[in-house]
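So the structure is just underneath, and the comments pick up after that.
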Amino acid sequence: MIGEILKGMSITFKTMFQPPTTVSYPEVKKPVAERFRGRHELKRYDNGLERCIGCSLCAAACPADAIFVEAAENTDEERYSPGERYAKVYEINMLRCIFCGYCEDACPTEAVVLEKNYELASYSRESLIYTKDMLLVPHPADIQKTA
Amino acid sequence: MQKNDQADKFIIPIGPQHPALKEPGHFEFTVDGEIVTGATIRLGYVHRGIEKATESRTWVQNLYLLERVCGICSHIHATAYCLGVERLAGLSVPPRAQAIRELVVELERIHSHMLWLGVAAHEAGFDTLFMYSWRDRETVMDILEGLTGNRVHYSANILGGVKIDVDAEQTKTILQGVDFLEKRTHHYLDVVTTDSAFVQRTAGIAVMSKAVAEHFGAVGPTARASGVTQDIRIDAPYLAYEDFPVEIVLDTAGDLKARFVVRVQELFQSYQVIRAILDKLPAGELAVTMPRRIKENETISRVEAPRGELFYYLKSNGTDKPERIKIRTPSICNFGTVPALAAGHQLADMPMILAGIDPCFSCNDRMVTIHRPADDSQTWTWEMLRQYGISYYREKER
């Protein structure tokens with residue numbers, strides 16, 4: 001019995017000199033995997049035009065019914081995306097989203113991408129309905145919006 | 001604690017909300033001093049109505065819903081569902097997809113068994129083993145995150161195949177992780193079989209004979225620890241288990257120690273099969289196209305979840321939604337053994353006996369129809385209920 005206690009304590013003693021496994025989150029953050037599925041982003045082309053064409057395929061694919069898309073026609077004066085249509089309203093309800101990545105697979109233009117941000121906590125339900133302004137990546141400032 | 005005057009015995013109720021329980025369930029232990037003489041279990045506090053919810057969702061949406069039946073063995077639920085739906089639709093899934101599914105299933109089994117090892121050690125008061133095993137479990141969690149993009153709900157399956165591929169770099173990471181885990185598992189096997197303080201809590205406790213296991217219909221590692229030769233991976237190979245087989249792990253002792261040994265030994269089988277899959281991963285497509293609607297048909301699907309046999313019954317009606325999905329999870333088969341094993345043991349052994357079957361409360365809480373004798377009718381009319389309510393509250397006022 002004494003021998004076994006010593007055997008057990010020797011493991012404890014050896015472990016004392018190993019660096020701790022725990023991470024002091026949120027000061028230190030572990031990098032997430034390359035394939036990690038976090039908060040969505042709506043991507044742009046290199047020329048600044050939105051990739052999203054408002055086709056609603058993501059909304060149709062979504063198993064949790066978290067996505068709402070309302071499309072509108074592009075005009076020559078106001079052009080958002082290369083095709084005929086763009087997403088006038090694009091909302092994702094982060095309370096409903098299950099981060100399965102099916103919207104990503106359904107998207108024909110690779111506009112919606114699940115990125116690496118996982119810190120989505122908020123104080124109200126309303127603020128967790130992410131609008132298009134929040135989801136769209138910033139416009140490259142040096143490129144003009146007109147195509 | 002409440003005193004039962006008639007029988008002059010103590011009945012200790014535990015739950016549904018209790019600090020010792022991770023999930024809600026109600027237990028009543030009849031005790032004579034410290035010795036438990038009888039136990040009753042009441043389940044159903046986390047019934048979520050998933051089976052009914054599937055009927056209003058499409059086949060694709062249900063894949064993600066059913067993956068969330070269990071938080072630990074999520075991929076196996078999705079796999080069982082996929083196998084059933086693919087059989088209904090008459091799809092033949094490419095061999096590479098089947099092998100990748102099996103790879104994720106086995107990684108998930110490692111994660112589940114290591115989680116169980118930690119929880120069971122914690123119930124025994126051996127928190128050091130709990131911390132170490134969970135630290136090492138992070139290795140397999142990281143592998144799963146790297147492979148599928150998430151730690152828990154992997155969403156690796158799609159109807160007709162898989163969404164993810166395994167490349168050379170992934171293979172290297174997985175093999176490294178598996179080598180590390182194998183080394184650690186040898187250590188854990190040593191600990192659970194030789195540490196005398198721990199073995200006192202497990203050896204000879206809750207001994208379940210083969211006959212009892214078969215009588216209660218125990219499944220999975222719980223049954224295999226009692227010598228029941230039953231493993232769906234071997235009895236009815238699915239996925240790629242014919243090409244990448246596992247060997248059955250048996251123990252005839254039937255006590256808690258045997259359940260530890262069987263589950264830890266099963267880890268070695270998982271490591272071996274993961275290496276075999278990565279070595280000879282078949283080339284080819286990852287998925288085939290799945291039709292939106294499935295013509296009227298019905299099928300069953302059986303797989304070996306980490307806790308035992310998981311059973312799905314699927315019925316289609318020609319639309320894009322299922323007519324009926326019935327799930328039978330392994331925990332409910334094993335729960336019946338707990339009251340039978342409890343009698344005669346110390347009250348302090350109860351958490352260990354319960355943890356020994358690796359219970360998952362929320363995945364096992366679903367509708368069960370009990371056939372009562374015809375004369376034992378429980379049908380009350382609205383008027384009878386009303387009168388009962390009035391007299392009940394009158395009694396209470398007095």
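Throughout, protein chains are lettered first and strands after them, A, B, ... in sequence-line order, and every chain is numbered starting at 1. Keep in mind the model is a prediction, meaning the values are calculated, not measured. What's counted below: heavy atoms across the whole structure, side chains too, no hydrogens, waters or symmetry copies.
Residue A:Glu34 places its CD atom among 12 or fewer non-hydrogen atoms of other residues, nucleotides or ligands, all under 6.0 Å distant. More than 12 heavy-atom neighbours from other residues, nucleotides or ligands sit within 6.0 angstrom of OH on A:Tyr25. Atom CD of A:Gln18 sits in a crowded spot, with more than 12 heavy atoms from other residues, nucleotides or ligands closer than 6.0 Å. Shown here is A:Lys116, whose NZ atom has more than 12 heavy atoms of other residues, nucleotides or ligands within 6.0 Å. Atom CD of A:Glu115 is surrounded by more than 12 heavy atoms from other residues, nucleotides or ligands within 6.0 Å.
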**OP:** Applying side chain to side chain contact (heavy atoms under 4.5 Å, CB included), run through A:Thr22 and B:Arg135 and close with a yes or a no.
**Re:** CA-CA 9 Å; A:Thr22 45; B:Arg135 178 194 67 187; over 6 Å; no
Subject >> Candidate pair B:Thr148 and A:Arg35, rule side chain to side chain contact (heavy atoms under 4.5 Å, CB included), full reasoning >> reply: CA-CA 7 Å; B:Thr148 65; A:Arg35 292 180 181 177; over 6 Å; no
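Contacts with chain A (heavy atom to heavy atom, under 4.5 Å) involve these residues of residues 180-196 of chain B, listed by number: B:His187, B:Asp190, B:Thr194, B:Asp195, B:Ser196. Contacts between residues 107-126 of chain B and chain A, defined by a heavy-atom separation under 4.5 Å, are made by no residue at all.
Summarising the geometry, atom CZ belonging to A:Phe36 is positioned 6.0 Å from atom CG belonging to B:Asn150; distances are rounded to the nearest 0.5 Å. Rounding to the nearest 0.5 Å places CD1 of B:Ile158 at 7.0 Å from CG of A:Asp105. In this structure, OH on B:Tyr132 lies 7.0 Å from CD1 on A:Ile11, to the nearest 0.5 angstrom.
In this structure, chain A has no heavy atom under 4.5 Å from any part of B:Arg151. When heavy atoms are compared at a cutoff of 4.5 Å, B:Glu169 does not approach chain A at all. For B:Asn62, no part lies near chain A; criterion is any non-hydrogen pair under 4.5 Å. Contacts between A:Ile5 and chain B at a heavy-atom distance below 4.5 Å are absent for every atom of the residue.
For the 3.5 Å distance criterion, the side chains of A:Tyr102 and B:Ser155 fail to qualify, holding no donor opposite an acceptor.
Of the listed residues (A:Gly101, A:Cys100, A:Cys62), the one with the most heavy-atom contacts under 4.5 Å to chain B is A:Cys100. Contacts with chain A were tallied for B:Glu67, B:Lys163, B:Arg57; B:Lys163 has the most, counting heavy-atom pairs under 4.5 Å.
The shortest non-hydrogen separation linking A:Arg37 to B:Tyr154 is NH2-O, 3.1 Å.
A:Thr21 places none of its side-chain heavy atoms less than 4.5 Å from the side chain of B:Glu138.
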